[in-house]
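For reference, the structure discussed in these notes is given below.
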Amino acid sequence: MPVLASHRKPRTKVRTTTPAVGFTTAALASVTLLSTQSATAAPAEPKPAIEDVQKKVDELYRQAGSATQQYNRAKSASTAQRTKVDTLLSDVAKRTEKINEARRELGAYAAEQYRTGGIAPTATFFLADDPQAYFDQSRLMSRSTERQQKAVDDFRTQQAAASKKRAEAVQSLEKLTETQTALRSSKQNVQTKLTEARSLLSRLTAEEKARLAELERKKEAEAKEKAEKLAARQAAEAKEREAAEKKAREETGGDSGSGSGSGTGASPGTGTGTGTGAGGSYAAKAEKVLAFARAQIGKPYVWGAAGPSSYDCSGLTQAAWREAGVTLPRTTWDQVEVGTRVATSDLQPGDLVFFYDDISHVGIYKGDGMMIHAPKPGANVREESIYYMPIYGSVRPA
């Protein structure tokens, strides 16, 4: 019997290496894709050096100081404009009352004329029982007419004056709106600068903050060293002046004290006068100024504040000189225009020292190259070297 062929299909051999090859290929593709993405991605921005952070923060505080002066100026203008508006509105109210009085008087005359009927003069003469009585009454009516005319003139005058004052009040209200808008804008500008500065500082690590503090100490030490040099130079100059004055007195053979010096520390050519009376007067005022300023040490800096619990820089100088009977403007930009300009080498206690090219900061000179000032947000009123910031110039207010 012939052998039957098998109907079963032969087994297909399965290759076990194919999945491994596919997985490897996918993995390689993924690695290649990631590598490509990494190569094309923008490099991370390098973190700024702590010195750059310090410069940026100092600049933001300076800008905030300048914005604070803009705020102070806008606030002063707004306050003055509000006072003007209130005065004008009060004036308008008074004039309106006068108009109403004149209107009531005219109304009374009109009512009287209505009651008399307004008969023609000729008819009244012929109808009168007594001609003489008519003439007497006519003279009285003439005087009455004059009073009526005066009342009409007064009414028109008051009406014109009230209209003028009302127009002034409207213009002043518009100006007040402008100053209040500037006030809000300045306030927002200050807050923006301070927020940016605080944000920069908040991102620093503990190590970076320690480094920043070290930089601040170094800056303070350098400024103090410069102050000490100025103090030594001023002391030497004062000693030389004293010796020269003593020699001059000896040569004249008198000790009457008629010379120009008085031991006040004023150097020739500063524009403050050479008599002892003027120097003594300024020294007395400066003593009151510094006594007040010292009493404020430790109080916080608050932008826009002028005491008594907190101050900004120009608020402190204004309040201190007020104690000496001298009224200073509110802003550094206006204070620098008051009094006599003096050189840094000729500074006397009580003088005002201004800083930065935009004149956004001010302090009170106390002698020996030091000042009392309200520094910046987060700091308190304190003594510090005048060389801590770039000096713009100095003035002697009185």
Regarding Arg203 and Ser199, is there a side-chain donor-to-acceptor distance under 3.5 Å anywhere? yes
Short question: side chain of Thr332, backbone of Ile359 - any donor-acceptor pair under 3.5 Å? yes
Kindly indicate whether the side chain of Lys187, heavy atoms from C-beta on, has any atom under 4.5 Å from the side chain of Leu183. no
Answer yes or no: is there a donor N or O on one side and an acceptor on the other, between the side chain of Gln318 and the main chain of Leu328, under 3.5 Å? yes
Given side chain to side chain contact (heavy atoms under 4.5 Å, CB included), test Val395 with Phe354 step by step and report yes or no. CA-CA 8 Å; Val395 300; Phe354 297 86; 3.6 Å; yes
Backbone of Lys75 reached by a side-chain donor or acceptor of Ser78 within 3.5 Å: no
Within the structure provided, determine whether Leu194 and Val190 are in side-chain contact (heavy-atom separation under 4.5 Å). yes
Assess the residue pair Trp303 and Gln191 against the criterion (side chain to side chain contact (heavy atoms under 4.5 Å, CB included)); give the C-alpha distance rounded to whole Å, side-chain angles, the decisive distance to 0.1 Å, and a yes or no. CA-CA 10 Å; Trp303 64 270; Gln191 292 173 334; 4.1 Å; yes
Looking at Ser360, is its backbone amide N or carbonyl O close enough to the side chain of Trp333 to form a donor-acceptor pair, meaning the two atoms are under 3.5 Å apart? no
Flag for Ser385-Glu220: side-chain donor and acceptor within less than 3.5 Å: no
If you measure from the Lys or Arg side-chain nitrogens to the Asp or Glu carboxylate oxygens, is any gap between Glu214 and Arg217 under 4.0 Å? yes
Given 3.5 Å as the limit, does a donor-acceptor pair link the side chain of Glu225 with the main chain of Glu222, or not? no
Main-chain N/O of Asp86 paired to Ser90 side chain as donor or acceptor, under 3.5 Å: no
Considering only heavy atoms from C-beta outward, does the side chain of Trp321 approach that of Leu352 to under 4.5 Å? yes
Indicate yes or no for a side-chain donor-acceptor contact from Ser186 to the backbone of Ala182 under 3.5 Å, with no hydrogens or angles considered. yes
Can you check side chain to side chain contact (heavy atoms under 4.5 Å, CB included) on Ile386 and Leu230, steps first, answer last? CA-CA 10 Å; Ile386 61 172; Leu230 174 63; 3.8 Å; yes
With no hydrogens and no angle check, do the side chains of Gln335 and Ser314 hold a donor and an acceptor under 3.5 Å apart? no
Review item, side-chain donor-acceptor pairs of residues 364-378, under 3.5 Å, at least two apart:
unit_1, atom_1, unit_2, atom_2, d
Tyr365, OH, Gln234, OE1, 3.0
Tyr365, OH, Asp368, N, 3.3
Tyr365, OH, Gly369, N, 2.9
His373, ND1, His361, NE2, 2.8
His373, NE2, Glu384, OE1, 2.7

If you measure from the Lys or Arg side-chain nitrogens to the Asp or Glu carboxylate oxygens, is any gap between Asp334 and Arg73 under 4.0 Å? yes
Pair Tyr388-Glu216, side-chain donor/acceptor within less than 3.5 Å: yes
So, Asp351 versus Tyr282: side-chain donor-acceptor pair below 3.5 Å or not? yes
Is the backbone of Pro308 close enough, under 3.5 Å, to the side chain of Lys299 for a donor and an acceptor to pair up by distance? yes
Between Asp58 and Arg62, does at least one N-O distance fall below 4.0 Å, as a salt bridge requires? no
Could you tell me whether the side chains of Tyr311 and Gln296 share a donor-acceptor contact shorter than 3.5 Å? yes
Side chain to side chain, Tyr387 and Lys219, heavy atoms closer than 4.5 Å: no
Is Ile391 reachable from Leu347 through a run of hydrophobic residues whose side-chain heavy atoms are each under 4.5 Å from the next? yes
Tell me whether Glu51 is salt-bridged to Arg211, with the criterion being a basic N under 4.0 Å from an acidic carboxylate O. yes
Is Val289 reachable from Val381 through a run of hydrophobic residues whose side-chain heavy atoms are each under 4.5 Å from the next? yes
Close side-chain approach of Gln54 to Val57, heavy-atom, < 4.5 Å: no
Val302 backbone acceptor or donor facing Asp312 side chain under 3.5 Å: no
How close do Gly350 and Leu290 get, heavy atom to heavy atom, and via which atoms? N-CD1, 4.1 Å
Is there a path of hydrophobic side-chain contacts, each under 4.5 Å between heavy atoms of I, L, V, M, F, W or Y residues, that connects Met389 with Val342? yes
